[in-house]
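These notes concern the structure reproduced below.
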Amino acid sequence: FPVTIPVAAVIMVDRSSPDKRAKSLRNLKAALHKKTSIFIFPEGTFSMTEEQPMKAFYNGAFKLAIEMQVPIQPILMIDAVDRMHYSGLFTLTPGKNRVVYLPTVQIEGYTMDDIDHLKNKVYQMMDEGLRRYRSYPTK
């Protein structure tokens with residue numbers, strides 16, 4: 001069945017059941033087919049420590065990138081934790097939020113067997129960037 005996605009949309013990934021995950025994936029694919037850029041937050045939530053500024057990534061974004069042959073543009077929102085702290089939902093504060101665009105990761109040549117490699121590559125780039133711009137402890 002055809003899926004209609006508006007030009008500006010929020011596609012929530014519902015991980016509560018296989019059917020809901022599949023529906024979310026179909027919606028994301030439909031957006032990409034329409035040449036709509038999508039933002040995916042592959043860790044799903046905030047990290048809780050400065051020693052580990054990001055949580056582990058889920059596979060879905062990387063599977064999608066490989067399947068659709070879409071490059072990945074890692075983006076760091078450096079001060080997001082200061083604008084809305086993970087300690088509470090209502091901690092939104094005004095202020096600057098620096099955004100850093102890391103080098104684009106091309107997908108050509110990657111297969112589904114390379115998901116872990118791709119995921120780790122992007123994670124490493126982002127982790128190093130956050131540590132550099134936020135002065136988190138280095139590993």
Could you report the tightest heavy-atom contact between [X] and [Y], atom names first, then the distance?
| X | Y | answer |
| --- | --- | --- |
| Ala31 | Ile38 | CB-CG2, 3.9 Å |
| Pro74 | Val105 | CG-CG2, 4.2 Å |
| Lys96 | Asp79 | O-CB, 3.5 Å |

Could you grab the distance from atom [atom1] of [X] to atom [atom2] of [Y], nearest 0.5 Å is fine?
| X | Y | atom1 | atom2 | answer |
| --- | --- | --- | --- | --- |
| Asp113 | Leu118 | CG | CG | 12.5 Å |
| Arg134 | Ile78 | CZ | CD1 | 8.0 Å |
| Glu67 | Leu25 | CD | CG | 6.5 Å |
| Leu130 | Leu76 | CG | CG | 4.5 Å |
| Phe62 | Asp114 | CZ | CG | 13.0 Å |
| Met112 | Asn59 | CE | CG | 10.0 Å |

Is a side-chain N or O of [X] found less than 3.5 angstrom from the main chain of [Y], in a donor-acceptor match?
| X | Y | result |
| --- | --- | --- |
| Gln73 | Leu102 | yes |
| Glu128 | Met125 | no |
| Tyr123 | Met54 | yes |
| Thr36 | Leu32 | no |

[X] side chain near [Y] side chain, heavy-atom distance below 4.5 Å:
| X | Y | answer |
| --- | --- | --- |
| Val100 | Ile75 | no |
| His33 | Met68 | yes |
| Asn27 | Lys23 | yes |
| Phe57 | Met126 | yes |
| Thr104 | Gln106 | yes |

- Item | Mutual orientation of the aromatic rings belonging to Tyr110 and His117 [parallel < 30°, tilted 30-60°, perpendicular > 60°] | parallel
- Query: Under a 4.0 Å N-O cut-off, is there an ion pair linking Arg131 with Asp127?
  - Reply: yes
